[in-house]
Amino acid sequence: MLLTRLADVSREVAATSARSRKIALLAELFRDAEPDDVPVVIPYLAGRLPQGRLGVGWKVLSRPVAPADAPSLTVREVDARLTELGKVSGTGSQAERARLVGELMGEATAEEQRFLLGLITGEVRQGALDAVAVEGLAEATGAPSPDVRRAVMLAGSLQTVAQALLTDGPTALDRFRLTVGRPVLPMLAHTASSVTEAIGKLGACAVEEKLDGIRVQVHRDGDSVRIYTRTLDDITDRLPELTSAALELRGSRFVLDGEVIAFDDTGRPRSFQETAGRVGSRVDVATAARAVPVSPVFFDALSVDDRDLLDLPFTERHAELARLVPEPMRVRRAVVSGPEDLPAAEEFLKETLLRGHEGVVVKSLDAPYSAGRRGASWLKVKPVHTLDLVILAAEWGHGRRTGKLSNLHLGARTADGGFAMLGKTFKGMTDAMLTWQTERLKELAVEDTGWGVTVRPELVVEIAYDGLQRSTRYPAGVTLRFARVVRYREDKRPEEADTVETLLAAHPEVRP
DNA sequence: TTCCGACAGTGGGGTCGCAAT
DNA sequence: ATTGCGACCCCACTATCGGAA
């Protein structure tokens, strides 16, 4: 199959907003693909490269290359050349990769170049990623879409399932079962604004402490242990403590879900930055492990002794977990039977925060483990802080925000009467707010910078954030974590905005 | 007919590690 | 040695479609 066909379909998919039409277009293309094209066509149309990482980014791709007049590239040829490109490493490799990319781009038409660029940078923006591709695949093969989706979650990969399905038909789905050693996409949580709201929605539930670490899925098969992240990357070699911990547990074949986190000598959690730095260290793991030892804290069991627990209610999965994992290696929790237990749940949240954790996750007791989905049966509750800050500049948006000033630079007042930038945000604004702020900020503009505008520091905005963290990038030495706009405060003057001093006083645990 | 779950899009900061300077 | 870049951790929120209620 020619690449140009994919580029055309991708453009058509992007042009329609109806999800049903997107699915129909993808299904038609999947049906036309030859068996050998399948492992390439499916991920390409889901907006992803089968190679994952290439070591090529914007810097290399932003160099313009004259396009070819007529299409000639086939999808298989493109895939083969990208695979080769990904293997190039060593001195001079960056230049060599850039050369190979340029060569490939030179053989592509303008339309194909756009499509390849989107694929490599992960920004296809056609309004259809894995989930829509799964529907298209189901339509193309006549397999029920829930079954296809489940197989993808269990395989942890769309293209594996696609190839099996298009080669052997719907019966191939039976092959995808939960297997020790093969990671499953983890279940995710929604957000609730309070414990009251969460318990109101879920009824009988477990309230569990939420640790600010790295999500891990631990597989043990006898003496062999493998550890996977949320995106199913294998990080076993970076966490020798976890392998030892898993080998000490009573079972010999299991899959557990949990969090890995670093504690200090007093048992309080260390900052997320410290845990993440440790888990990210790959070169000298032994030294990193001595400096920042980490511990696993489990909260779910997906498989024990070859028994698939995914469809069991949480109560039963947790009973299996408790049988296998002793107390300190399990997340603390309180079980409540409904709104009448609210005081106990509130008390548990308060204690959890005092112990230095992020918040709680409220989980329905009868819900199954919905792999890969942001199911409504897990609700996280975290305290939210707010500040009144002043807008210092704004950047032009991309995609559907093209032409709108989108990303705001936020400043707090300093002792000398000026403003110190604390970070940026593009979150929380409605389309109406985007339109309004674009006009308002243009009025306040003092300089057009190309990427946006700098403005007179007069517009006050209320910002919600999850906490402070240390920063080497911003002048106050701190930055806001997950800042988002709550509302504009036109009733406030910039002199009434919050100061760096009060911000630091509110977070004594963070020393810039 | 209205409501709501699922999805895609729009990007944020930090850290590590490799390659280039 | 330092800097730039890519990959991968953490993540919030809004708009929209289309099936459920």
Side-chain angles (χ1 to χ4, degrees), chain A residues 14 16-23 46-47 52-61 88-97 120-135 149 188-191 211-216 229-233 235 238 259-260 271-284 288 358 370 372-377 380 382 384 395 397-402 404 406-410 422-434 463-474 478-486:
Chain A
T16 176
S17 65
R19 206 165 293 163
S20 45
R21 175 82 185 127
K22 290 177 193 286
I23 292 167
R53 36 187 174 269
L54 284 181
V56 173
W58 271 111
K59 212 65 199 171
V60 168
L61 294 162
V88 175
S89 66
T91 302
S93 62
Q94 199 163 305
E96 176 63 6
R97 283 202 295 268
I120 298 174
T121 59
E123 299 179 55
V124 166
R125 291 194 176 101
Q126 59 186 17
L129 298 173
D130 271 13
V132 175
V134 163
E135 296 293 326
R149 183 159 50 209
L188 307 171
H190 274 296
T191 303
L211 307 180
D212 197 8
I214 306 287
R215 183 85 175 261
V216 284
T229 64
R230 195 165 92 84
T231 48
L232 310 190
D233 286 301
I235 54 167
R238 301 184 218 165
E259 196 86 0
V260 58
S271 73
F272 173 74
Q273 285 168 304
E274 290 174 285
T275 295
R278 163 59 212 282
V279 175
S281 298
R282 276 161 288 184
V283 173
D284 188 354
E358 257 197 302
S370 319
R373 318 204 70 178
R374 207 169 274 285
S377 44
K380 55 186 163 187
K382 295 190 285 184
V384 174
E395 299 174 19
H398 300 90
R400 67 185 300 280
R401 291 190 179 189
T402 301
K404 296 285 194 299
S406 169
N407 199 4
L408 308 175
H409 294 201
L410 306 168
L422 288 177
K424 307 180 192 179
T425 185
F426 56 90
K427 298 178 184 130
M429 56 271 280
T430 60
D431 286 3
M433 284 166 82
L434 276 165
I463 297 293
Y465 65 104
D466 278 19
L468 266 197
Q469 52 185 3
R470 267 194 280 272
S471 171
T472 54
R473 178 179 308 214
Y474 293 111
V478 293
T479 188
L480 305 178
R481 193 161 179 211
F482 310 136
R484 60 267 189 191
V485 171
V486 179

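Computed from a predicted model, the values in this text were never measured in an experiment. Residue numbers begin at 1 in each chain, while the letters A, B, ... track the order of the sequences.
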>> Can you give me the closest heavy-atom contact between Arg97(A) and Leu54(A), atom names plus distance?
In response: CD-O, 3.6 Å
> Of all the nucleotides listed (dC7(B), dG11(B), dC10(C)), which has the minimum atom distance to the side chain of Arg149(A)?
Replying inline: dC7(B)
> If you look at every strand shown and take non-hydrogen atoms under 4.0 Å, does Tyr474(A) touch a base, only sugar-phosphate, or nothing?
Replying inline: sugar-phosphate
>> Considering every strand and a 4.0 Å limit on heavy-atom distances, what is the contact class for Ala276(A): base, sugar-phosphate, or nothing?
In response: nothing
> Ion pair present between Asp130(A) and Arg149(A), side-chain N to carboxylate O less than 4.0 angstrom?
Replying inline: no
> Is Val132(A) touching bases, backbone alone, or none of the nucleic acid, heavy atoms closer than 4.0 Å?
Replying inline: sugar-phosphate
> Of the nucleotides dT15(B), dT10(B), dG17(B), which one has an atom closest to the side chain of Phe426(A)?
Replying inline: dT10(B)
> Hey, which of these two, Ala128(A) or Phe272(A), hits DNA chain B nearer its 5' end, going by closest nucleotide?
Replying inline: Ala128(A)
> Phosphate oxygens OP1/OP2 of dG9(B): is one of them under 4.0 Å from a side-chain N or O of His398(A)?
Replying inline: no
>> Classify Glu123(A) by what it touches in the nucleic acid, base, sugar-phosphate, or nothing, heavy-atom distance under 4.0 Å.
In response: nothing
> What nucleic acid atoms does Lys427(A) come within less than 4.0 Å of, heavy atoms only: base, sugar-phosphate, or nothing?
Replying inline: base
> Is the phosphate of dC13(C), meaning OP1 or OP2, less than 4.0 Å from a side-chain N or O of Arg484(A)?
Replying inline: yes
> Base, sugar-phosphate, or nothing for Arg400(A), non-hydrogen atoms under 4.0 angstrom?
Replying inline: sugar-phosphate
>> Is the shortest side-chain heavy-atom distance between Phe426(A) and Lys404(A) below 4.5 Å?
In response: no
> Between which residue ranges does DNA chain B form stems of three or more consecutive Watson-Crick or G-U wobble pairs, both distances under 3.5 Å?
Replying inline: B:1-6 with C:16-21, B:8-21 with C:1-14
>> Taking any heavy-atom pair under 4.0 Å as a contact, classify Leu54(A): base, sugar-phosphate, or nothing.
In response: sugar-phosphate
> If you measure from the Lys or Arg side-chain nitrogens to the Asp or Glu carboxylate oxygens, is any gap between Asp212(A) and Arg481(A) under 4.0 Å?
Replying inline: yes
>> Can you confirm whether Thr479(A) sits close enough to Leu468(A) that some side-chain heavy atom of one is under 4.5 Å from a side-chain heavy atom of the other?
In response: no
> Closest to the Arg282(A) side chain: dC16(B), dC9(C), dC17(C)?
Replying inline: dC16(B)
> If you look at every strand shown and take non-hydrogen atoms under 4.0 Å, does Thr430(A) touch a base, only sugar-phosphate, or nothing?
Replying inline: sugar-phosphate
> How many Å lie between CZ on Arg278(A) and P on dC10(C), as a whole number?
Replying inline: 15 Å
>> If I compare all heavy atoms of Ser406(A) with all of Arg401(A), which pair ends up nearest, and what's the gap?
In response: OG-NH1, 2.9 Å
> From the list dA15(C), dC10(C), dG14(B), which nucleotide is the closest neighbour of the side chain of Asp431(A)?
Replying inline: dA15(C)
> Start at the 5' end of DNA chain B and walk down; is the nucleotide closest to Arg19(A) or to Ala95(A) reached first?
Replying inline: Arg19(A)
> Start at the 5' end of DNA chain C and walk down; is the nucleotide closest to Thr191(A) or to Thr231(A) reached first?
Replying inline: Thr231(A)
> Quick one: OG1 on Thr425(A) to CZ on Phe482(A), what's the gap to the nearest 0.5 Å?
Replying inline: 11.5 Å
>> Counting only side-chain heavy atoms from C-beta out, which of dG13(B), dG12(B), dG17(B) sits nearest to Glu395(A)?
In response: dG12(B)
> Between atom NZ in Lys424(A) and atom C1' in dT10(B), what is the gap in whole Å?
Replying inline: 13 Å
>> Under 4.0 Å from OP1 or OP2 of dG13(B): is there any side-chain N or O of Arg473(A) that close?
In response: yes
> Touch check for Ala18(A), heavy atoms < 4.0 angstrom, all strands: base, sugar-phosphate only, or nothing?
Replying inline: sugar-phosphate
> Atom CG of Leu480(A) to atom P of dG13(B): distance rounded to whole Å?
Replying inline: 10 Å
>> Strictly below 4.0 Å, N to O, side chains only: are Glu395(A) and Lys424(A) in salt-bridge contact?
In response: yes
> Which nucleotide sits closest to the side chain of Gln469(A): dG14(B), dT10(B), dC10(C)?
Replying inline: dG14(B)
>> Just to verify, what does Arg238(A) make a salt bridge (charged side-chain N to carboxylate O under 4.0 Å, His left out) with, not counting sequence neighbours?
In response: none
> What integer distance in Å separates Lys22(A):NZ from dA8(B):P?
Replying inline: 10 Å
> Would you say Ser471(A) reaches dG14(B)'s phosphate, i.e. side-chain N/O to OP1/OP2 under 4.0 Å?
Replying inline: yes
> 5'-most contact on DNA chain C: Phe482(A) or Arg21(A), nearest heavy atom basis?
Replying inline: Phe482(A)
>> Measuring to OP1 and OP2 of dG14(B), would you say a side-chain N or O of Thr479(A) lies under 4.0 angstrom away?
In response: no
>> So if I take every side-chain heavy atom of Ser93(A) and compare against dC7(B), dA19(B), dA12(C), which nucleotide ends up nearest?
In response: dA19(B)
>> From the set dA12(C), dG13(B), dA19(B), return the single nucleotide nearest to any side-chain atom of Gln94(A).
In response: dA19(B)
>> Rounded to whole Å, how long is the line connecting atom CG of Asp466(A) with atom C1' of dA12(C)?
In response: 8 Å
>> If you define the side chain from C-beta out and look only at heavy atoms, does anything of Leu408(A) sit under 4.5 Å from Met429(A)?
In response: yes
> Can you tell me if the side-chain N/O atoms of Ser281(A) get under 4.0 Å from OP1 or OP2 in dT15(B)?
Replying inline: no
>> Quick check: closest heavy atoms across Val88(A) and Ser93(A), and the distance to 0.1 Å?
In response: CG1-CB, 3.9 Å
> What's the CD-C1' distance between Glu274(A) and dC10(C), to the nearest Å?
Replying inline: 15 Å
> For Ile214(A) and dG14(B), what is the distance between atoms CD1 and P respectively, to the nearest whole Å?
Replying inline: 15 Å
> Under 4.0 Å between a side-chain N or O of Arg230(A) and OP1 or OP2 of dC10(C)?
Replying inline: yes
> OP1, OP2 of dT10(B) versus side-chain N and O of Asn407(A): anything below 4.0 Å?
Replying inline: no
> Hey, does Lys382(A) reach any base, or is it just sugar-phosphate, or nothing, if we go heavy atoms under 4.0 Å?
Replying inline: sugar-phosphate
> What is the distance, rounded to the nearest whole Å, between atom CG of Leu434(A) and atom P of dA15(C)?
Replying inline: 9 Å
